[in-house]
Amino acid sequence: MLHISTLIGLVLLFTAQDALAQSLVSMDADRETGAEVSTRLNCQPLAGQVVDAMGQPIIGATLLLKGTTNAYITDGKGSFEITAPVSQKQVVAVEAAGYLPAMITLTSCALSDIVLERDPAVRIKRGGKKAGQIVRYGDAYRQ
């Protein structure tokens, strides 16, 4: 019985070494061809906040991880929490109605506040019956 378990252990060891050697060859080939190898960031969940230029939270902003179908929406405090695995140099597209879109490249797990600039062609109605409505200037409807 001891001989069979030793034999199985050796087979598993050689199989693991072969897989490691193949992955190292693949990594060397990627470096030679110039293909970018991404490093997975170990920060789950990745949390942060989306704010405007005055520091006010933006409610309902959308964050999309480029290259995936993972989208996240900010809560009532402008906070978000990305639960999907992220890689270094992965791009997060941040958009909100009435604001210019932003592209954030992830470099580390420390993510500062994401500041969105207001779109100069748009006005958001702050009070009254239709508060929060976006009003466009120019050829669009005007209030």
Side-chain angles (χ1 to χ4, degrees), residues 4-143:
I4 293 174
S5 62
T6 305
L7 182 61
I8 291 173
L10 287 174
V11 169
L12 290 175
L13 179 66
F14 288 126
T15 305
Q17 284 180 344
D18 186 43
L20 178 62
Q22 286 178 356
S23 67
L24 290 175
V25 168
S26 173
M27 287 174 56
D28 287 340
D30 287 342
R31 283 193 192 108
E32 289 172 6
T33 61
E36 191 171 309
V37 179
S38 63
T39 305
R40 184 150 306 207
L41 294 175
N42 212 6
C43 47
Q44 284 180 322
L46 179 64
Q49 187 177 23
V50 179
V51 296
D52 64 6
M54 294 185 296
Q56 297 296 319
I58 298 177
I59 301 167
T62 305
L63 293 93
L64 175 69
L65 290 172
K66 291 291 188 174
T68 69
T69 58
N70 298 330
Y72 301 90
I73 298 175
T74 58
D75 62 9
K77 298 177 185 174
S79 300
F80 64 89
E81 195 171 273
I82 297 175
T83 56
V86 293
S87 301
Q88 190 170 15
K89 297 184 181 178
Q90 188 169 12
V91 177
V92 179
V94 184
E95 296 181 3
Y99 294 90
L100 296 173
M103 300 291 183
I104 308 297
T105 303
L106 299 176
T107 55
S108 68
C109 291
L111 188 61
S112 61
D113 287 350
I114 299 172
V115 180
L116 294 183
E117 297 295 324
R118 188 171 294 257
D119 188 350
V122 173
R123 183 174 68 101
I124 299 174
K125 189 172 179 187
R126 292 290 176 196
K129 187 175 181 180
K130 295 181 179 180
Q133 180 181 7
I134 295 176
V135 181
R136 292 188 179 268
Y137 290 124
D139 295 334
Y141 294 99
R142 187 173 187 171
Q143 180 153 356

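Owing to the predicted nature of the structure, the values given are computational and were not obtained by experimental measurement.
T107 is not listed as a side-chain neighbour of K89, based on a closest heavy-atom distance of 4.5 Å or more. With contacts defined as side-chain heavy-atom distances shorter than 4.5 Å, the pair V115/E117 qualifies. Counting only heavy atoms from C-beta outward, the side chains of T83 and Y72 approach each other to under 4.5 Å. Residues V50 and V94 meet the side-chain proximity criterion, which asks for heavy atoms closer than 4.5 Å.
Contact record, P101 with E95: CB-CG, 3.6 Å, taken as the closest heavy-atom pair. Across K66 and Q90, no two heavy atoms sit closer than the pair O-NE2, 3.4 Å. Residues L116 and Y99 share a closest heavy-atom pair of O-CD2, 3.9 Å. In plain terms, the two heavy atoms of T74 and I59 that are nearest each other are OG1-C, 3.6 Å. Counting all heavy atoms, side chain and backbone alike, L65 lies closest to A84 at CD1-CB, 4.1 Å. Across N70 and L64, no two heavy atoms sit closer than the pair O-CD1, 3.4 Å.
Considering T62, I114, V92 in turn, I114 is the only one that fulfils the side-chain contact (heavy atoms from CB on, under 4.5 Å) rule with F80.
How far CG of L100 is from CG of D119: 4.5 Å, rounded to the nearest 0.5 Å. Annotation: the span from I73 atom CD1 to L63 atom CG amounts to 9.5 Å, rounded to 0.5 Å.
In this structure, the side chain of E81 does not engage the main chain of L46 through any donor-acceptor pair within 3.5 Å.
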